[in-house]
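These values consider heavy atoms only, across backbone and side chains, with no hydrogens, waters or symmetry-generated copies.
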Protein chains: 2
Amino acid sequence: MNINQNIKVAVDAIVFGYSENQLNVLLIKQKYGVLKNKWALVGGFVKDNETLFEAVNRELQEETGITVNYLEQLFTFGDDIQRDPRGRVISVAYFALVNSTKFNVRADSDAEEAQWFSIAALPDLAFDHKLILETALKRLQNKLTYQPIGFDLLPKEFLFSDLENLYCTLLNKEIDRRNFRKKILSFGIIEETDKFGSKKNGRPAKLFKFKKLKYNKLTKEGFVFDIYFA
Amino acid sequence: MNINQNIKVAVDAIVFGYSENQLNVLLIKQKYGVLKNKWALVGGFVKDNETLFEAVNRELQEETGITVNYLEQLFTFGDDIQRDPRGRVISVAYFALVNSTKFNVRADSDAEEAQWFSIAALPDLAFDHKLILETALKRLQNKLTYQPIGFDLLPKEFLFSDLENLYCTLLNKEIDRRNFRKKILSFGIIEETDKFGSKKNGRPAKLFKFKKLKYNKLTKEGFVFDIYFA
DNA sequence: CCAAAAGTGTTTGCGCTACACCCATGC
DNA sequence: GCATGGGTGTAGCGCAAACACTTTTGG
């Protein structure tokens, strides 16, 4: 191909986790280069013979060893020509969800340091990663209301109160417990188990499961997941 | 930058227009290369010193001379390594809307042939442009229901019946005229003019205008545009 | 017995849905 | 005067919103 172009293509992943009523993001400490010791999203350059999707998965694997529950393309950042001080780089950003309670960050092959940060207390970020993160957060908030992705931030079996808190926390809203429960249960996409989880205090609560297959089936029949708010 | 990467970055635009109750797409006939004489989306390679956004606008200008009413990034296609027979190319696709009635396609500088096609009668498309087009169409259909982008497909002043037909046609739904009108008017984002447009037959109909500024203001105050269907 | 969280029903009001008749114009 | 599309009002019903007390457990 006789096109003369000197633009590099990278992928970045915004990995969200949720624990103790806090939304967290996974960041990596840069070990080399101008931005050494700054924190950045998981990511790196795409190889010539891998798809974008393979590239993100590889980076996630190499840099953190994590397995994500949900992954989708978010946006491609290429409108700031100088977003990377090393040269012209565009970044295809992906948006990932993890049940982070089961996940221990590992310092891996590339031996960078990976760490969870509460989005309430973020460090300075390298490149335009703050912008990317804000974009991802908006997407998360929107998507929560029309797709059942909240479940991907919770353990397989979860308490209703945790689901409720997740929605309250991420959307900054107060929700009526009774109406919320009624609404979610009316969808018929979660199932009561016979197990109980426990908080420190109070009456023990049933554990619930998200029925993904049922959800997929209903979706094909025209069902639309949707949570409104007062 | 000592990264060895041989991936080219292109942009493509899916330009939708609407006339005579038909959704149309703007395509370009390829003049050179393996895909000579095949039809393709407007697009081309990004230059080193221009943003992605500038690149799409430049290509739109160069290849068609068109001015679009709406332009947003759609998706980045890079999961088929062989989507371009000339080598590894990823394409950042954009989604554009035009009031096509006022627009006459011009064969321009690059002297390729530009032409509107009804999406009901598309020719074979080059590359993975069929996939891109389908993605764009879904986005259009979704977005119509929660953002007032239908107006960007109509003239500045339009008939209510045209707006209604646009929704019916693009969403393949039947809509009750009275309820549709009531709903739209209740938003307070369109304005009656004192002019009349005319179809061939029947009683003349008032022309309406979309009040974009009012919409923006309302949006800041929490208003959400939303059209449901039976 | 007290504190803490879980679990549960009913009433009210708003908004979507369904539905049919008259009006203005051109020919 | 007839054909064609434009313009309008209402009644019922379903669903979301608002709202408070009882239950179970641990200490």
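For C/dC16, one of the phosphate oxygens OP1 or OP2 lies less than 4.0 angstrom from a side-chain nitrogen or oxygen of B/K183. For B/R177 and D/dG7, the shortest distance from a side-chain N or O to OP1 or OP2 is not below 4.0 Å.
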Distances under 3.5 Å between nitrogen or oxygen atoms of protein and nucleotides 9-14 of chain C:
| unit_1 | atom_1 | unit_2 | atom_2 | d |
| --- | --- | --- | --- | --- |
| C/dG9 | O6 | A/K182 | NZ | 3.4 |
| C/dT10 | O4 | A/K182 | NZ | 2.9 |

Close N/O contacts between protein and nucleotides 1-3 of chain D (under 3.5 Å):
none

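Put simply, the residue from B/Q61, B/E54, B/E62 that forms a side chain to side chain contact (heavy atoms under 4.5 Å, CB included) with B/R58 is B/E62. Tested against B/L137 for a side chain to side chain contact (heavy atoms under 4.5 Å, CB included), the candidates B/V25, B/I119, B/L170, B/N142 yield a single pass: B/I119.
With respect to the salt-bridge test (charged N to carboxylate O, under 4.0 angstrom), the residues B/E134 and B/K138 do not qualify. Salt bridge present: A/K199 and A/D162 bring a charged side-chain N and a carboxylate O closer than 4.0 Å.
When the C1' atom of D/dG7 is taken as reference, atom NZ of B/K199 falls 14 Å away, rounded to whole Å. Computed from coordinates, the B/K206 NZ to C/dA24 P distance equals 11 Å when rounded to whole Å. For the pair B/I184 CD1 and D/dG7 C1', the interatomic distance rounds to 16 Å; values are reported in whole Å. As a whole-Å value, the separation of B/F180 CZ from C/dT17 P is 13 Å. Remark: P of D/dA16 and CD1 of A/I227 are 10 Å apart, rounded to the nearest angstrom. Atoms CZ (B/F196) and C1' (D/dT4) sit 17 Å apart, rounded to a whole Å. Atom-to-atom, OH of A/Y228 to P of D/dA17 comes out at 9 Å; the value is rounded to the nearest Å. As a whole-Å value, the separation of A/R181 CZ from D/dA16 C1' is 18 Å.
The stretch residues 119-128 of chain A participates, sequence neighbours left out, in these salt bridge (charged side-chain N to carboxylate O under 4.0 Å, His left out) pairs: A/R83-A/D128.
Close placement of the A/F225 and A/F187 rings is indicated, their centers lying within 6.0 Å of each other.
At least one side-chain heavy atom of B/Y18 sits less than 4.5 Å from a side-chain heavy atom of B/L166. A 4.5 Å side-chain heavy-atom check between A/T169 and A/L23 finds every atom pair outside the cut-off.
Between the side chains of A/S91 and A/D12, at least one donor-acceptor pair of N or O atoms lies under 3.5 Å.
You'll find that the side chain of A/N201 is closest to C/dA5, out of C/dA5, C/dA24, C/dG7. Picking from D/dA16, C/dA24, D/dT23 the nucleotide with the shortest atom distance to the side chain of A/R203 gives D/dT23.
Every residue meeting the ring pair (Phe, Tyr, Trp, His ring centres under 6.0 Å) condition with A/F117, not counting sequence neighbours, appears here in chain and number order: A/W39.
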Quiz: residues 72-80 of chain B side-chain donor-acceptor pairs under 3.5 angstrom, not counting sequence neighbours:
| unit_1 | atom_1 | unit_2 | atom_2 | d |
| --- | --- | --- | --- | --- |
| B/E72 | OE1 | B/Y70 | OH | 2.6 |
| B/E72 | OE1 | B/K143 | NZ | 2.5 |
| B/E72 | OE2 | B/R139 | NE | 2.8 |
| B/E72 | OE2 | B/R139 | NH2 | 3.3 |
| B/E72 | OE2 | B/K143 | NZ | 3.3 |
| B/T76 | OG1 | A/T76 | OG1 | 2.4 |
| B/D79 | OD1 | A/L52 | N | 3.1 |
| B/D79 | OD1 | A/F53 | N | 2.9 |
| B/D80 | OD1 | B/Q82 | N | 2.9 |

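Annotation: proximity of residues 158-168 of chain A to DNA chain D (heavy atom, distance under 4.0 Å) is found for no residue.
In A/K209, the NZ atom is not crowded: 12 or fewer heavy atoms of neighbouring residues, nucleotides or ligands sit closer than 6.0 Å.
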